[in-house]
Amino acid sequence: MIESLSNPVQELAVSGEDPPEKYVYKGEDGAIDASFLVMEVPLIDMSLLTSSSAAGDEELKKLRSALAYCGCFQGINHGLTSSFLDKVHEVAKQFFALPIEEKQIYSRTVEDIEGYGNDSVLSEHQTLDWTDRLYLTVSPEDQRKLGFWPEKPRNFREVLHEYTTKLSLMNELLLKAMARSLNIEEHSFLKQFGERGTMTARFNLYPPCPRPDLILGVKPHADGSAVTFLLQDREVEGLQIMKDGQWYRVPIVPHALLINVGDQAEIMSNGEFKSPLHRVVTNYERERITLAVFCIPESCIEIGPVEELISENRPKLYKNMKNFVDIYFQNYQQGKRPIDAAKI
Ligand SMILES: O=C(O)CCC(=O)C(=O)O
Ligand SMILES: [Fe+2]
């Protein structure tokens, strides 16, 4: 296997040169266009998801239909203040603004996806994403590799810790609400998630791109998580979701969290919830910074469709399996949709 790391896209972007051919996307899923229709991503009031009132029941119905319809929603009233979310965005921005030598202290190695860097080059035919990332394991806390956790800006570690501690609680609340919305025992999904599920954080920088018509920020994929929390850029759009064979733009709702289910929630829900295919387009003039936090079930626990969601009318659609993330990466690298490997 050829494997090497590519140069920071941030440097390519300022060089003013034409981007190398290996960034040009050759997929056949339609033109790259930033002016598609906007997806009406439902807004969900997260504060109502724990309420046993009529309004709470109503919100659960909305949650269920959002996850069945487009696999995602804009979470509002989530309990994180706007000023705190601005701070999270600010530390990400300050990290990517550091001189290259300072960021490279945290560089990932070829063997490890954690750290600062971008796509591993595994084959000559691979198309690279127009993005630089900082990828960190957040929990379980004893698996953090602090050597990759930036010391600059000064409050980076503290802000990330606080943000992800809150998201971890939100993940639990949401997995319970997702189960209740399907009228199944509320711990059905949480049990499969386990007490030592993994949480990873991926800071994404998409530098301005000279050819947004040819180059993607992130190629089409669905997430391998159970749940993903995305803090979008406050001003620059870029995320697109596929629905019924069409790409749609995901709008920015200031200070909302864009929450989507990943393949593992699709499997556990026996396909009631849809893990959405999504991609990121680039912008000619402006950089975009996002933070994706992935909540991933404990790898040694077997996940599979919850029994109560299997019936004569709705047969079991996915196999039971452990360590889906491994299956995910094997299939992803071969350009296959990982969830297909889980289908019966
Ligand atoms: O940056 C975005 O808008 C989405 C990133 C994403 O899909 C991912 O990191 O899995
Ligand atoms: Fe994603």
Side-chain angles (χ1 to χ4, degrees), residues 46 75 78-80 84-85 87-88 91-92 95 105-109 111-117 133-151 155-179 186-204 222-231 257 259-269 275 290-304 306 320-330 332 338 342:
M46 310 266 312
H78 40 53
L80 299 175
F84 181 65
L85 291 178
K87 212 192 269 183
V88 176
V91 295
F95 171 75
I105 299 174
Y106 310 103
S107 282
R108 51 167 293 216
T109 59
E111 296 84 44
D112 194 352
I113 58 167
E114 266 190 76
Y116 169 70
R133 314 182 172 110
L134 175 67
Y135 191 89
L136 302 170
T137 297
V138 171
S139 47
E141 279 189 38
D142 55 19
Q143 288 180 17
R144 289 183 181 178
K145 294 183 187 156
L146 283 179
F148 289 122
W149 285 53
E151 285 173 292
N155 55 349
F156 184 99
R157 293 178 172 194
E158 178 192 311
V159 170
L160 180 61
H161 178 80
E162 183 177 344
Y163 180 58
T164 51
T165 302
K166 289 183 171 149
L167 289 192
S168 171
L169 294 173
M170 219 183 287
N171 176 53
E172 272 180 35
L173 176 159
L174 182 59
L175 287 171
K176 285 200 231 170
M178 282 159 56
E186 78 167 350
H187 294 94
S188 303
F189 297 139
L190 206 49
K191 259 191 295 199
Q192 297 198 30
F193 191 84
E195 307 222 320
R196 279 173 60 83
T198 302
M199 188 183 251
T200 58
R202 189 151 98 183
F203 294 83
N204 301 303
D223 294 341
S225 56
V227 173
T228 304
F229 294 90
L230 182 73
L231 181 61
L257 291 170
I259 303 176
N260 68 272
V261 290
D263 290 350
Q264 301 205 53
E266 178 167 329
I267 294 170
M268 296 191 288
S269 70
S275 168
T290 66
L291 169 56
V293 173
F294 303 100
C295 300
I296 302 163
E298 206 173 319
S299 59
C300 59
I301 296 183
E302 189 172 81
I303 64 147
V306 172
N320 286 22
M321 51 180 67
K322 285 184 186 167
N323 205 354
F324 179 75
V325 170
D326 270 4
I327 299 167
Y328 182 89
F329 282 112
Q330 283 161 22
Y332 182 74

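No experiment lies behind these values; they were computed from the predicted model shown. All heavy atoms count here, side chains included; hydrogens, waters and symmetry mates do not.
For E172 against L190, the heavy-atom pair with the smallest separation is CG-CD1, 3.8 Å. The two residues L136 and F203 come nearest to each other via the heavy atoms CD1-CE1, 4.2 Å. The minimum heavy-atom distance linking E302 with Q192 is given by the pair O-OE1, 4.0 Å. Here the shortest heavy-atom pairing between D223 and S275 reads O-OG, 3.9 Å. Between I301 and G194, the shortest heavy-atom distance links the atoms CD1-CA, 3.4 Å. When all heavy atoms are compared, the tightest approach of P140 to G197 is CD-O, 3.6 Å.
Rounded to the nearest 0.5 Å, atoms CZ (F229) and OG1 (T164) are 11.0 Å apart. Atom CD1 of residue I296 and atom CD1 of residue I303 lie 11.5 Å apart, to the nearest 0.5 angstrom. Atoms CD and CZ, from E298 and R196 in turn, are 7.0 Å apart once rounded to the nearest 0.5 Å. Atom OH of Y163 is separated from atom CG of L291 by 5.0 Å, given to the nearest 0.5 angstrom. Between the CG atom of N171 and the CE atom of M199 there is a distance of 6.0 Å, given to the nearest 0.5 Å. Taken from CZ in R133 to OG1 in T290, the straight-line distance is 10.0 Å, to the nearest 0.5 Å.
Between Y135 and D112 the shortest side-chain heavy-atom distance does not fall below 4.5 Å. Counting only heavy atoms from C-beta outward, the side chains of M178 and V261 approach each other to under 4.5 Å. At a threshold of 4.5 Å between non-hydrogen side-chain atoms, the residues V227 and F193 do not count as touching. Residues M170 and L80 form a side-chain contact, since some pair of their non-hydrogen atoms from C-beta on lies under 4.5 Å apart. Using a 4.5 Å heavy-atom threshold, the side chains of L257 and L167 count as touching. Using a 4.5 Å heavy-atom cutoff, the side chains of R157 and R144 are not in contact.
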| task | Could you check F189 against Q264 for side chain to side chain contact (heavy atoms under 4.5 Å, CB included), going step by step and ending with a plain yes or no? | result | CA-CA 10 Å; F189 297 139; Q264 301 205 53; over 6 Å; no
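A salt bridge links K166 with E162: at least one charged nitrogen is closer than 4.0 Å to a carboxylate oxygen.
Below 30°, between 30° and 60°, or above 60°: for Y332 and Y328 the angle between ring planes is below 30°, a parallel geometry. Between Y116 and F95, the ring-plane angle classifies as perpendicular under the 30° and 60° cut-offs.
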